[in-house]
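What follows is a set of notes on a single structure, which appears directly below.
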Amino acid sequence: ESALAALRDAVKQPLTAGFGRHLGDALALAEDAHSLEGYEAAKEAAEQALDEWRELEQRRNNAKMTLHMALRAKGTEGLRAALDEARDAGLDEASGDPLVEEATALLEEVEASGREDGTAIQSLEAAMADEDLEDLELAIEACRARQLDVR
């Protein structure tokens, strides 16, 4: 009966990475309880939970592959989409997943760089509009330092 109770408890655990192994172990231990009342229902619930866990693990793995690709590409939209997919699969900053942390940090870096690029371009446009040669030279220098096209 204790093995059957352990199986029922295992089914109620969160669908974390170790869930499948833990539930599989509980299922194996509960095999001896196959003649007890409630065994079939507990076994069915465990098998259903394993199916859900496998599907979630597949989604997590897919999300990790997407994160790898987005990290290589270093594009803002790709990183955002990959992080959204990871969150939907249960991977987020709170989960401590290193890929999520790396992608989050890179996204912040890329967005900050984009804001700095935008500021440099705005300074260039303002200097052009004001026809201020000194400001224009400074703005061009700032754009070149950021490797922006100033033609």
Side-chain angles (χ1 to χ4, degrees), residues 3-31 41-151:
L4 186 55
L7 178 59
R8 288 182 182 131
D9 287 341
V11 169
K12 296 175 187 174
Q13 299 305 308
L15 301 179
T16 60
F19 177 84
R21 183 178 43 80
H22 180 69
L23 187 55
D25 291 347
L27 263 170
L29 289 173
E31 281 293 316
K43 180 181 175 187
E44 188 175 311
E47 289 171 349
Q48 182 179 355
L50 272 174
D51 288 345
E52 290 173 19
W53 174 79
R54 285 183 187 112
E55 181 181 323
L56 183 57
E57 278 298 293
Q58 183 63 46
R59 288 179 43 216
R60 287 179 182 144
N61 289 334
N62 290 344
K64 287 179 180 185
M65 288 191 320
T66 303
L67 283 168
H68 276 292
M69 290 186 288
L71 283 164
R72 278 192 222 117
K74 299 181 181 179
T76 305
E77 293 307 314
L79 286 164
R80 278 192 196 120
L83 284 166
D84 286 345
E85 182 180 337
R87 281 186 204 100
D88 290 345
L91 300 171
D92 57 18
E93 292 81 3
S95 71
D97 186 275
L99 279 175
V100 171
E101 291 173 358
E102 185 179 352
T104 299
L106 181 58
L107 177 60
E108 290 169 1
E109 182 182 311
V110 169
E111 287 177 334
S113 179
R115 286 189 298 274
E116 291 172 9
D117 288 353
T119 299
I121 290 169
Q122 287 176 345
S123 295
L124 179 62
E125 290 171 347
M128 288 169 48
D130 293 345
E131 297 180 2
D132 184 322
L133 188 56
E134 186 178 328
D135 284 351
L136 185 58
E137 288 174 349
L138 290 171
I140 289 171
E141 186 177 313
C143 286
R144 285 188 177 146
R146 299 207 50 76
Q147 300 178 345
L148 299 173
D149 187 9
V150 291
R151 288 183 262 160

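Open room surrounds CD on Glu44; 12 or fewer heavy atoms of other groups in view lie less than 6.0 Å from it. Remark: Glu101 CD is packed, more than 12 non-hydrogen atoms of other residues, nucleotides or ligands lying under 6.0 Å away.
In this structure, Ala46 and Leu23 approach most closely via the heavy-atom pair O-CD2, 3.3 Å. In plain terms, the two heavy atoms of Ala63 and Leu91 that are nearest each other are CB-CD1, 4.5 Å. In terms of heavy-atom proximity, Phe19 sits nearest to Gln13 at CE1-O, 3.5 Å. For the pair Ala26 and Ala6, the tightest heavy-atom approach, listed with the atom from each and the gap, is CB-O, 4.3 Å. The shortest non-hydrogen separation linking Cys143 to Ala120 is SG-O, 3.6 Å. Residues Ser95 and Gly90 come closest through the heavy atom pair CB-O, 4.1 Å.
Legend: residues meeting side-chain hydrogen bond (donor to acceptor under 3.5 Å, both in side chains) with Asp117, ordered by chain and number and at least two apart, are Arg146. Remark: Glu77 engages Arg80 in a side-chain hydrogen bond (donor to acceptor under 3.5 Å, both in side chains) (not counting sequence neighbours).
Using a 4.5 Å cut-off on side-chain heavy atoms (C-beta onward), Leu29 and Leu7 make no contact. With a 4.5 Å cut-off on side-chain heavy atoms, Asp25 and His22 do not count as touching.
Remark: Glu137 CD to Asp132 CG distance equals 9.5 Å, nearest 0.5 Å. With values rounded to the nearest 0.5 angstrom, Leu27 atom CG is found 6.0 Å from Leu50 atom CG. Ile140 CD1 to Ser123 OG: the interatomic distance, rounded to the nearest 0.5 Å, is 12.0 Å. If you take CD on Glu52 and CG on Leu56, they are separated by 9.5 Å, rounding to the nearest 0.5 Å. Interatomic distance, CG of Asp88 versus CG of Asn62, reported as 12.5 Å (0.5 Å rounding). Taking NE2 of His68 as the reference point, atom CG of Leu99 lies at 4.0 Å (rounded to 0.5 Å).
Under a 3.5 Å cut-off, the side chain of Ser113 and the backbone N or O of Glu109 do not form any donor-acceptor pair. A donor-acceptor pair is defined here as one N or O able to donate and one able to accept, closer than 3.5 Å; such a pair exists between the side chain of Arg60 and the backbone of Ala89.
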Report task. Test salt bridge (charged side-chain N to carboxylate O under 4.0 Å, His left out) on Glu85 and Arg59 and set out the steps. Result -> CA-CA 8 Å; Glu85 182 180 337; Arg59 288 179 43 216; over 6 Å; no
Requested in this report: In sequence, state the C-alpha distance, the side-chain angles, and the governing distance for Leu67 and Leu83, and then conclude on side-chain contact (heavy atoms from CB on, under 4.5 Å).
Outcome: CA-CA 7 Å; Leu67 283 168; Leu83 284 166; 4.0 Å; yes
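Judged purely by distance below 3.5 Å, without hydrogens or angles, the side chains of Asn61 and Glu57 never pair a donor atom with an acceptor atom.
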